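Accompanying notes for the structure given below.
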Amino acid sequence: VQLQASGGGLVQAGGSLRLSCVASGRTISGYGFGWFRQVPGKEREFVAGFTRSGATAVYSDSLKGRFTISRDNAENTVYLEINSLKPEDTAAYYCAADGRYWSRPDFYKFVSGYIYWGQGTQVTVSS
């Protein structure tokens with residue numbers, strides 16, 4: 001599976017963005033997906049994800065509320081909508097996918113739970 005993330009950019013605090021992750025090579029059905037973000041010098045941080053069945057959305061406990069993950073199987077795309085953007089949301093955002101089954105939704109929060117990664121899209125929030 002190849003993943004292409006897009007939709008990042010420069011936005012003012014309080015604004016919104018919708019990031020897209022287009023998958024190619026395989027249909028997204030049967031894959032768990034995750035969105036992560038990373039700033040230089042820090043570890044990659046889980047933001048939101050979908051379980052392999054697509055039935056359950058998983059969110060970071062600390063970020064829950066302003067982020068919404070969704071998917072369009074027909075477009076083979078997973079989205080991440082970010083509302084009320086804050087300067088601390090500034091980061092490179094990565095999408096990831098994996099076809100393995102994890103028994104607990106929390107397992108989708110780990111970087112090690114994903115084999116396939118997109119190249120990242122930069123989000124910069126100005127104050």
Side-chain angles (χ1 to χ4, degrees):
V1 176
Q2 292 81 45
L3 304 174
Q4 179 75 35
S6 64
L10 175 63
V11 63
Q12 286 189 330
S16 299
L17 276 177
R18 188 175 78 160
L19 308 182
S20 300
C21 177
V22 179
S24 59
R26 295 282 180 91
T27 62
I28 64 174
S29 300
Y31 283 84
F33 277 84
W35 280 100
F36 291 77
R37 67 184 188 181
Q38 189 171 26
V39 297
K42 292 191 176 182
E43 293 185 352
R44 200 161 288 191
E45 177 186 27
F46 173 76
V47 177
F50 267 120
T51 59
R52 183 171 175 263
S53 69
T56 303
V58 185
Y59 291 95
S60 163
D61 291 337
S62 61
L63 300 176
K64 197 172 184 178
R66 298 187 296 113
F67 296 82
T68 304
I69 190 171
S70 61
R71 61 195 290 163
D72 185 333
N73 288 349
E75 295 294 328
N76 235 33
T77 302
V78 178
Y79 301 98
L80 179 70
E81 185 169 348
I82 316 172
N83 296 312
S84 302
L85 278 156
K86 303 176 180 180
E88 50 264 43
D89 293 322
T90 296
Y93 284 72
Y94 297 87
C95 61
D98 199 289
R100 293 173 289 180
Y101 170 74
W102 304 120
S103 59
R104 292 174 52 183
D106 280 353
F107 290 171
Y108 289 89
K109 297 181 178 180
F110 297 102
V111 169
S112 57
Y114 299 89
I115 292 178
Y116 306 103
W117 289 85
Q119 84 291 357
T121 184
Q122 180 67 35
V123 172
T124 303
V125 184
S126 63
S127 57

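What you are looking at is a predicted structure, and each value in this text was computed from that prediction instead of being measured. Values below: all heavy atoms of this structure, side chains included; hydrogens, waters and symmetry mates excluded.
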Exercise for the section: To the nearest 0.5 angstrom, please state how far the CZ atom of R52 sits from the CG atom of D98. Expected result: 9.5 Å
Problem - Nearest-0.5 Å distance that lies between atom OG1 in T51 and atom CZ in R104 - result: 14.0 Å
Problem - F36 ring center near W117 ring center (under 6.0 Å) - result: yes
Problem - Side-chain heavy-atom pair R37, V123 within 4.5 angstrom cut-off - result: no
Handout entry: hydrophobic_cluster_shared for F33 and I115, side chain cutoff 4.5 Å
Key = yes
Practice task
Output yes when a side-chain donor or acceptor of N76 lies under 3.5 Å from a complementary backbone atom of R26, and no otherwise.
Solution key: yes
Practice task
Report whether V47 and L85 are members of the same hydrophobic cluster (ILVMFWY, side-chain heavy atoms less than 4.5 Å apart, transitive linking).
Solution key: yes
Handout entry: Sidechain-backbone polar pair: Q38 side chain, A91 backbone, donor-acceptor under 3.5 Å
Key = no
Problem - Flag, side chain of T77 to backbone of E75, donor-acceptor distance under 3.5 Å - result: yes
Problem - Close side-chain approach of Q119 and Q4, heavy atoms under 4.5 Å - result: yes
Exercise for the section: Go through Q12 and S127 one step at a time and tell me if the side chain to side chain contact (heavy atoms under 4.5 Å, CB included) criterion holds. Expected result: CA-CA 6 Å; Q12 286 189 330; S127 57; over 6 Å; no
Practice task
Measure from NZ or CZ of R71 to the centre of the six-membered ring of Y79 and say whether it is under 6.0 Å with the direction within 45° of the ring axis.
Solution key: no
Problem - Nearest heavy-atom neighbours spanning Y116 and L3 - result: O-CD1, 3.6 Å
Problem - Euclidean distance, F67 CZ relative to S60 OG, rounded to 0.5 Å - result: 8.0 Å
Practice task
Return the minimal non-hydrogen interatomic distance between V125 and D89, and the atom names on each side.
Solution key: CG2-CB, 4.2 Å
Handout entry: Heavy atoms of other groups near E43 CD, more than 12 under 6.0 Å
Key = no
Fill in the blank from the handout: On a heavy-atom basis, the closest approach of Y108 and G32 is CE2-CA, 3.8 Å
Exercise for the section: Write down the atom of N73, the atom of S29, and the distance for their closest heavy-atom approach. Expected result: ND2-OG, 3.9 Å
Handout entry: CG on L19 to OG on S6, rounded to 0.5 Å
Key = 8.0 Å
Problem - Neighbour count above 12 (heavy atom, 6.0 Å) for R100 CZ - result: yes
Handout entry: Atom pair OG1 (T121) and CG (L80), whose distance is rounded to the nearest 0.5 Å
Key = 11.0 Å
Handout entry: Short N-O contact, K109 and D106, less than 4.0 angstrom
Key = yes
Handout entry: For F107, ring-ring contact (aromatic ring centres under 6.0 Å, His included) partners two or more places apart
Key = none
Problem - Closest non-hydrogen atom pair, S16 against S84 - result: OG-N, 4.2 Å
Problem - Single-linkage hydrophobic cluster, 4.5 Å side-chain cutoff, V78 and V22 together - result: no
Handout entry: E81 and R18 ion-paired at < 4.0 Å
Key = no
Handout entry: Derivation of the side chain to side chain contact (heavy atoms under 4.5 Å, CB included) call for L63 and E45
Key = CA-CA 10 Å; L63 300 176; E45 177 186 27; 4.0 Å; yes
Handout entry: Hphob cluster co-occupancy, W102 + Y31, side-chain heavy atoms under 4.5 angstrom
Key = no
Problem - Hydrophobic cluster membership, Y114 vs V1, 4.5 Å side-chain cutoff - result: no
Problem - Shortest non-hydrogen separation from G9 to L17 and the atoms involved - result: N-CD1, 4.3 Å
Practice task
Please assess I28 against F50 for the test side chain to side chain contact (heavy atoms under 4.5 Å, CB included), listing each intermediate value before the final yes or no.
Solution key: CA-CA 11 Å; I28 64 174; F50 267 120; over 6 Å; no
Fill in the blank from the handout: Value for CH2 (W35) from OH (Y93), rounded to nearest 0.5 Å, stands at 10.0 Å
